[in-house]
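Residue numbers run from 1 in the order of the sequence given. Note: hydrogens, waters and symmetry copies are ignored here, and every other heavy atom, side chains too, is used.
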Amino acid sequence: MVQLLRVQNFMVSSDGYGTGEGQSLERPFGHADPGELFAWAGATASWPMRTDPGGSRGLDDYFTRAYGLDMGAEIMGRNKFGPLRGPWADEEWQGWWGDEPPFHTPVFVMTHHKRPSFTLSDTTFHFVDDDPATVLAMAREAAQGKDVRLGGGPTTIREFLDADLVDTLHVAVSPARLRAGVRLWESPDELDDRFHHETVPSPSGGVTHHLFWRR
C-alpha cells in the first residue's frame with residue numbers, strides 16, 4: 001500500500017494567505033479571523049469541537065470527516081505549534097490545543113531548535129531539525145502504513161511542494177481577503193503543471209474546495 005503525503009482541509013483566504021500577520025499567544029492566526037476561515041467546517045455535523053446537536057451534512061461534512069481518515073502521523077512547522085521564536089526559553093509551552101490535541105497520532109514539528117519529545121493524551125510531539133525528505137521518512141515509519149498529513153503552515157507546505165514530496169492537497173478557499181500574512185500561493189493554478197486540479201464550490205456557498213493530486 002502506498003503511503004500518501006496529504007494536505008487535508010488546509011484553509012486560505014481568497015488572496016492566498018494561510019495565516020495573517022502578528023501571530024501571538026492570543027492570536028494564533030495573527031490578524032486573520034480563524035472563525036471566518038473555518039466557518040464552513042464549523043457548521044458541519046462532524047466538526048469535532050461542536051458542542052450542540054445538528055450541523056450540516058453533504059460535501060463540507062465529508063471533508064471535515066476526511067481530516068483524520070487513515071492518517072498515521074502529522075508534520076507541521078514551528079509556527080503552527082506555537083508563537084515562540086528562536087531557542088526555547090523554557091519547555092513549558094505544549095501547543096495551542098490543551099491536554100487533548102486533535103491529532104491522535106505522532107506529530108513531527110520542524111524547527112531549528114530541538115527539544116525533548118512529549119506526549120499529551122494519544123499525541124506525541126517530536127521536534128526535528130532535518131530536511132523535508134528526512135522528516136517525511138520518519139513520519140512514514142511512525143505512521144505504520146497509514147498516510148501522513150502535512151498540516152502547515154503555508155511555509156512548511158511550500159517547502160514540501162518545492163521538494164516534490166506532496167501527493168494530494170485539499171485546500172478550502174474562503175471569500176475573505178487578508179491582504180498580508182504568509183501566502184500559500186498567489187493563484188492555485190501555480191500547481192497545475194505538477195497536479196491534476198479540480199474545483200468544487202461548496203453547496204453552502206462559504207468556500208471553494210480545490211483538490212489536487214499528483215500527475
Residues forming a side-chain contact (heavy atoms from CB on, under 4.5 Å) with [X], sequence neighbours excluded:
X: Ala176; answer: Glu36, Ser174
X: Thr51; answer: none
X: Ser14; answer: Arg177
X: Ala66; answer: Gln8

Do Leu169 and Trp185 share a hydrophobic cluster (ILVMFWY, side-chain heavy atoms under 4.5 Å, transitive)? yes
According to a hydrophobic-cluster definition based on side-chain heavy atoms being under 4.5 Å apart (Ile, Leu, Val, Met, Phe, Trp, Tyr only), do Phe38 and Tyr17 belong together? no
Rounding to 0.5 Å, atoms CG (Leu5) and CD1 (Ile75) come to a distance of 5.5 Å
Between the CG atom in Leu211 and the OG1 atom in Thr199, the distance rounded to the nearest 0.5 Å is 7.5 Å
Can you list everything that forms a salt bridge (charged side-chain N to carboxylate O under 4.0 Å, His left out) with Arg85? Sequence neighbours excluded, please. none
I'd like to check the salt bridge (charged side-chain N to carboxylate O under 4.0 Å, His left out) partners of Arg183; sequence neighbours left out, ordered by chain and number. none
For Thr123, enumerate each residue passing the side-chain hydrogen bond (donor to acceptor under 3.5 Å, both in side chains) test, keeping only those at least two apart in sequence or located in another chain. none
Once salt bridge (Lys or Arg N to Asp or Glu O under 4.0 Å) is applied, what residue pairs with a partner in residues 132-145 remain, sequence neighbours excluded? Arg140-Asp167
Do any pairs count as a salt bridge (Lys or Arg N to Asp or Glu O under 4.0 Å) and have a residue in residues 4-32, sequence neighbours left out, and if so which ones? Arg6-Asp147
If you measure only the distance, is there a donor-acceptor pair under 3.5 Å linking the side chains of Thr64 and Asp61? no
Non-neighbouring partners of His197 that pass ring-ring contact (aromatic ring centres under 6.0 Å, His included), sequence neighbours left out: His210, Phe212
Trp213 six-ring face occupied by Arg194 cation (under 6.0 Å, within 45°): no
Validation: residues 94-109 side-chain donor-acceptor distances under 3.5 Å, sequence neighbours left out:
{"unit_1": "Trp96", "atom_1": "NE1", "unit_2": "Lys80", "atom_2": "O", "d": "2.8"}
{"unit_1": "Glu100", "atom_1": "OE1", "unit_2": "Ser121", "atom_2": "OG", "d": "2.9"}
{"unit_1": "His104", "atom_1": "ND1", "unit_2": "Asp122", "atom_2": "OD1", "d": "3.0"}
{"unit_1": "His104", "atom_1": "ND1", "unit_2": "Asp122", "atom_2": "OD2", "d": "3.1"}

Throw together a table of side-chain donor-acceptor distances under 3.5 angstrom for residues 151-165, partners on residues two or more places apart or in other chains.
{"unit_1": "Arg158", "atom_1": "NH1", "unit_2": "Leu184", "atom_2": "O", "d": "3.0"}
{"unit_1": "Asp164", "atom_1": "OD1", "unit_2": "Arg214", "atom_2": "NH1", "d": "3.1"}

